[in-house]
Amino acid sequence: MADRIKLQVARYRPEREAEATFDEYEVPCPKDWVVLDGLNHVKDRIDGTLAYRWSCRMGVCGSCGMMVNGEPKLTCATFLADYAPGPIRVEPLRNFPVVRDLIVDIGDFMRKLVTVRPWIVREEEKPLSAGEYLQTPEQMDDYKQYSMCINCMLCYAACPVYGLDPLFIGPAAIALAQRYNLDSRDEGAAERHRVLSEHEGIWGCTFVGECTRVCPKHVDPAGAIQRYKLTAAVETVKAFFMPRGA
Amino acid sequence: MTPSHDVVLVGGGGAGLRAAIAIAETNPRLSIAVVSKVYPMRSHTVSAEGGSAGAIGADDSTDEHAYDTISGGDWLCDQDAVEAFVTEAPEELLRLERWGCPWNREADGRIAVRPFGGMKKKRTWFAADKTGFHMLHTLFQTSLKYASVVRYDEWFVTRLLVDDGRVQGVVAIDLQSGKIEAITARSVILCTGGCGKIFPFTTNASIKSGDGMALAYRAGAPLKDMEFLQYHPTGLPFTGILITEAARSEGGYLINKDGYRYLQDYALGTPQKEPVLRTMELGPRDRLSQAFMKELEKGRTIETPYGHVVHLDLRHLGEKKIDAKIPFVRELCRKYQNLDPVKDLIPVRPVLHYMMGGVHTDIDGATPLAGLYAAGEVACVSINGANRLGSNSLTELLVFGARAGKAAAEHASRNLEISQSVLGQARDEHRRIEQELLNKKGSERIADLREEMQKTMEESAGIYRTGASLMKAVDRLRSVQERYANVAIEDRSKAFNTERVSALELSNMLGVAETIVMSALRREESRGAHQRTDFPKRDDKRFLGHSLVHRNPDGSARVEYLPVTITRWPPAERIYGEAAPHGGSNKAPGSSLPS
Amino acid sequence: MSPGQVQPEYRQRVLPPRVSTLWWLGKGTYFAFILRELSCVFVAWFVAYLLLLVRAVSQGDASYQEFLAWSATTPILLLNLVSFLFLIFHTVTFFDAAPRAMVMKVGRNRVPGRVVLAGHYAGWAAASAIVCWLLLGA
Ligand SMILES: Cc1cc2nc3c(=O)[nH]c(=O)nc-3n(C[C@H](O)[C@H](O)[C@H](O)COP(=O)(O)OP(=O)(O)OC[C@H]3O[C@@H](n4cnc5c(N)ncnc54)[C@H](O)[C@@H]3O)c2cc1C
Ligand code: SF4
Ligand code: FES
């Protein structure tokens, strides 16, 4: 195995360039180095101006998503050696505005997230002294998978619908809405329904399925969306026949 | 116009978000700013695995939780703080349940609790092996519903604004645009987390650079118990990923380069095939880390490109057991270090894990500086004393985050004017950042200085310390400090200038490193995580007290002592292993297995 | 004030996202997706074809015969063959999504996806069988 590998890294400095360019760096490639380690090597030893986000280096903070050879990846969980002999192309996540080098602006997602009310909604709250709301392990299984989202945005980068229609609310936000809808403690499904059933909500999704394939945490956002479509359809039919709500 | 709020929170981790919600609920009219250098849900609370302690079992009591905590902390905890902590812990955890945290449940739907190192009873609430992740996302998503909370995502705070003896705001850089701005407030709460990155091998994320400690210290608030840093005995070298204790309690062996279970040489019992509680691999965390150091001295460790290691051997457990009992260990090894514990030995070494010390606060999170509060790992109340018990710190974020929030809200509700002079200070800071960090041509690489600092700390202020090693560290740090004046910053861009951030973080770490070394030098005893080979015994006569390090006007450090608050549990000896403790069953010694 | 507020953002010039017109060639799954979108045209064609058939039948035997002859011309045969393949493709991918959308429970256990999928195919087979029986058997 080659002990060094070439990284072709996308650069964009707004004060200097109107378009993204590529810089090439050669970095060591031991078995246990991930793409992020390669970037850190560049930053520490070769070119301190390279900008990217990272923090935990254990796949849980969701900062380090980038396109690696055209695929959205967590760079802290993507080994350099798997791409030997290289070169490896590292670019910012697709479908987002690029702020700088490998850093994208995810403000759009943060705003959309709020619109699906990702918190427990209840009419009435039991006092703390009354203890916990009971929730069996089976009831927890109903939503647990959707609660595993680390907001890494890989699914948005993989979703062509989001790329073509930036109004589309997107996989992770819908999965998180479902996370609360399916929680036995929650009563907010009706409020969320209004947002999700808009055209840019679930109906924007045409089931490409890429979001689920790239998700590093097995959240299955595509499944969440399909599932909600069925719920929404049933709701619509119900509303048609029982306008006053049964 | 200068943005202005009633309360500014620096940090959006567990402590910061809990505080934000507490303020919003205490007084909905207050405007709250959450200023964080990363998006709040990326904060390091996200990586905590094990769980969060709060006594709810029928056979458990808050007194027992308090005793475990105090004995575990080698009697350096303030007992009034611990009592408040254990009392409020269960309701805080329950509140998180209300907000949606997916705590693991019993079959009948009630909250499940698990045993945890150093805790005599089962009292650790957990959300699978991603407790911190679920807590943080629950808090973050819940915080979104409060209209009075305004977020400053990816803003880096560089300075506290102080006038008239009161903290009145902060100066921060908006990383996206590079804009430097003052944000004024009547109360400021520091929730910036720990400082693990001062050391070369750490479980802490790259963002944990002790910024809050440095901010407070420079503004004139003292730091407390800074010599107490916790090592975890089994971290992966290089990445610092934590291999949980469970790997050892399921039967993993620690072996040296000869394949020998070396712990038997350090009064930790005799090797058995099956794991025995409190012996060998299940001995107390500090003792395991110390044994590693002894092996290193004897030349019986394994050298790797990332320093010396020993091996954690799980192979004899077999694939089935590993997958059933410790799947996350296997996942971490495979996904992030490219090795498989079913076939490979896992290289491990002690890694820095947690900072017990921090900004000195009272039981309400208030620092001696009016208007300044602190909560979470950045603060030292102190409930952790000389050694934190695993699963206490996540709970600490909630209990003291909420307390600091309420106290800061109250302070902010008073009619306090923002002085004009702080805006002048902000302009000075603006100039300093632009001049020192954007328009300067130095020649010292940030990474070189950082590595030199980390090496210094590991070698001189690590698991074992001596007066001589610490003196050497003072000199070495000073020379790094001098070289820092000539630091090279090639990046001239204003947009997301991460090199400038790295330089500011380095400067913060250097400041904090100095306070650690100075405090360690003064404490001529061994207690909890602070082990002086030249003073191997605990010395209650001279040192049953908190060290407080102040910054002198000339920039030098001054260490003073503050008595420990003792309410109901007089200092006793901390005993490990089979030896029975004094005082019957409910007074068992703590601290054997913190995570 | 609304929930989840963020401070006004100052920005440097960002690079807006761009999607190339040929993005769907970049990847097998994207291509399959475009094919599926395209399959709707053929579904529509079958609907139109059916309507034409109904009209032809309603106008008497002569026009029905004419319709049959027209249907037997090569272009229409080809078109129908292609449409048929697209419809199969559409159905299969639609069924693939079904287990994800339908979460059914028997007692405490979720019905496994394979069973849901098998149910769909069984339904399809039954419907086809009825059609065959109508056409051939009766
Ligand atoms: C791997 C690991 C496992 C752990 N497991 C457990 C466990 O099982 N149980 C347990 O009780 N404890 C555990 N801990 C400890 C516990 O997770 C931490 O002590 C705790 O999460 C710290 O939370 P915090 O809110 O104080 O800080 P953090 O979550 O670290 O948040 C700090 C915040 O401050 C912000 N910030 C910092 N500096 C600045 C600045 N200059 N300007 C603006 N913003 C800034 C950051 O952006 C961030 O939002 C673990 C720790 C680690 C490392
Ligand atoms: S759903 Fe998966 S891919 Fe999308 S943001 Fe969440 S964790 Fe990332
Ligand atoms: S660095 Fe946190 S997910 Fe990769």
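When reading the values below, keep in mind they use all heavy atoms of this one structure, side chains included, and skip hydrogens, waters and symmetry mates. Note that the structure is a prediction, hence the values are computed from the model and not measured. Every chain is numbered from 1, with letters handed out A, B, ... down the list of sequences.
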Shortest non-hydrogen contact from A107(B) toward T136(A): O-CG2, 3.7 Å
Presence of salt bridge, E97(B) and R185(A), under 4.0 angstrom: yes
Chain A contact via N204(B) - side chain, backbone, both or neither, heavy atoms under 4.5 Å: neither
Contact class of M110(A) relative to chain B, heavy atoms under 4.5 angstrom: side chain
Interface moiety of R500(B) toward chain A, non-hydrogen atoms closer than 4.5 Å: neither
CD1 on I111(B) to OH on Y133(A), rounded to 0.5 Å: 12.5 Å
Main-chain N/O of N338(B) paired with K31(A) side-chain donor or acceptor, under 3.5 Å: yes
Per-residue contact mode, C333(B) against chain A (heavy atom under 4.5 angstrom): neither
Residue among I106(A), L176(A), L74(A), D186(A) with most heavy-atom pairs under 4.5 Å to chain B: I106(A)
Leading residue by heavy atom contact count with chain B [cutoff under 4.5 Å; candidates A77(A), C56(A), A51(A)]: A77(A)
Over all atoms of both residues, closest heavy-atom pair of C149(A) and H137(B): O-CE1, 3.6 Å
Option from T239(B), L242(B), I241(B), T203(B) for which side chain to side chain contact (heavy atoms under 4.5 Å, CB included) with M58(A) holds: I241(B)
Residue selection (most heavy-atom pairs with chain A, distance under 4.5 Å) from I446(B), I489(B), T138(B), D448(B): D448(B)
Most chain B-contacting option - heavy-atom pairs closer than 4.5 Å, from I120(A), D101(A), D183(A): I120(A)
Listed once per pair and sorted, the salt bridge (Lys or Arg N to Asp or Glu O under 4.0 Å) pairs that draw on residues 141-150 of chain A, sequence neighbours left out: D142(A)-K105(C)
Close side-chain approach of L339(B) to D32(A), heavy-atom, < 4.5 Å: no
P127(A) backbone acceptor or donor facing R98(B) side chain under 3.5 Å: yes
Criterion side chain to side chain contact (heavy atoms under 4.5 Å, CB included) on Q141(B) and R117(A), from CA distance to verdict: CA-CA 8 Å; Q141(B) 288 163 5; R117(A) 310 186 140 252; over 6 Å; no
Side-chain heavy atoms of R53(A) within contact of E154(B), under 4.5 Å: yes
Spacing of CH2 belonging to W54(A) relative to OG1 belonging to T498(B), to within rounding of 0.5 Å: 11.5 Å
Interface moiety of E49(B) toward chain A, non-hydrogen atoms closer than 4.5 Å: side chain
Side chain to side chain, P30(A) and Y306(B), heavy atoms closer than 4.5 Å: yes
Expected output: side-chain R110(B) to main-chain E132(A) donor-acceptor under 3.5 Å: no
Engaged part of Y52(A) at the chain B interface, taking heavy atoms whose separation is under 4.5 Å: backbone
Listed once per pair and sorted, the salt bridge (Lys or Arg N to Asp or Glu O under 4.0 Å) pairs that draw on residues 16-25 of chain A, sequence neighbours left out: R11(A)-D23(A), R13(A)-E17(A), E19(A)-R18(C)
E15(A) versus S493(B), side-chain donor and acceptor atoms under 3.5 Å: yes
Taking every non-hydrogen atom, the tightest pair across D105(A) and Q176(B): OD1-NE2, 3.9 Å
Top contributor to chain A contacts, counting heavy-atom pairs under 4.5 Å, from P305(B), S206(B), S47(B): S206(B)
S502(B), part contacting chain A, at a heavy-atom distance under 4.5 Å: side chain
Under 4.5 Å from any heavy atom of chain B - which part of Q139(A): neither
Which of L36(A), T78(A), T49(A) touches chain B most, by non-hydrogen pairs under 4.5 Å: T49(A)
Side chain to side chain, W103(B) and M140(A), heavy atoms closer than 4.5 Å: no
Face-on cation placement of R57(A) at Y336(B) ring, 6.0 Å and 45° thresholds: no
Test item: R445(B) side-chain N/O and D44(A) main-chain N/O as donor-acceptor pair under 3.5 Å: yes
Under 3.5 Å: donor-acceptor pair, side chain of R100(A), backbone of A495(B): yes
Heavy-atom contact with chain B under 4.5 Å, split by part of F79(A): side chain
Side chain to side chain, W119(A) and L144(B), heavy atoms closer than 4.5 Å: yes
Side-chain heavy atoms of L113(A) within contact of F140(B), under 4.5 Å: yes
Heavy-atom neighbours of K335(B) NZ exceed 12 at 6.0 Å: yes
Residue selection (most heavy-atom pairs with chain B, distance under 4.5 Å) from I103(A), V121(A), V34(A): I103(A)
Heavy-atom contact with chain A under 4.5 Å, split by part of K208(B): neither
Short N-O contact, R45(A) and E451(B), less than 4.0 angstrom: yes
Salt-bridge contact K43(A)-E499(B) (side-chain N to carboxylate O under 4.0 Å): no
Criterion side chain to side chain contact (heavy atoms under 4.5 Å, CB included) on F238(B) and D37(A), from CA distance to verdict: CA-CA 10 Å; F238(B) 177 48; D37(A) 297 321; 3.4 Å; yes
N/O donor-acceptor pair under 3.5 Å between R42(B) side chain and I150(A) backbone: yes
Side chain to side chain, P102(B) and R179(A), heavy atoms closer than 4.5 Å: yes
Y39(B) side chain reached by N151(A) side chain, heavy atoms, under 4.5 Å: no
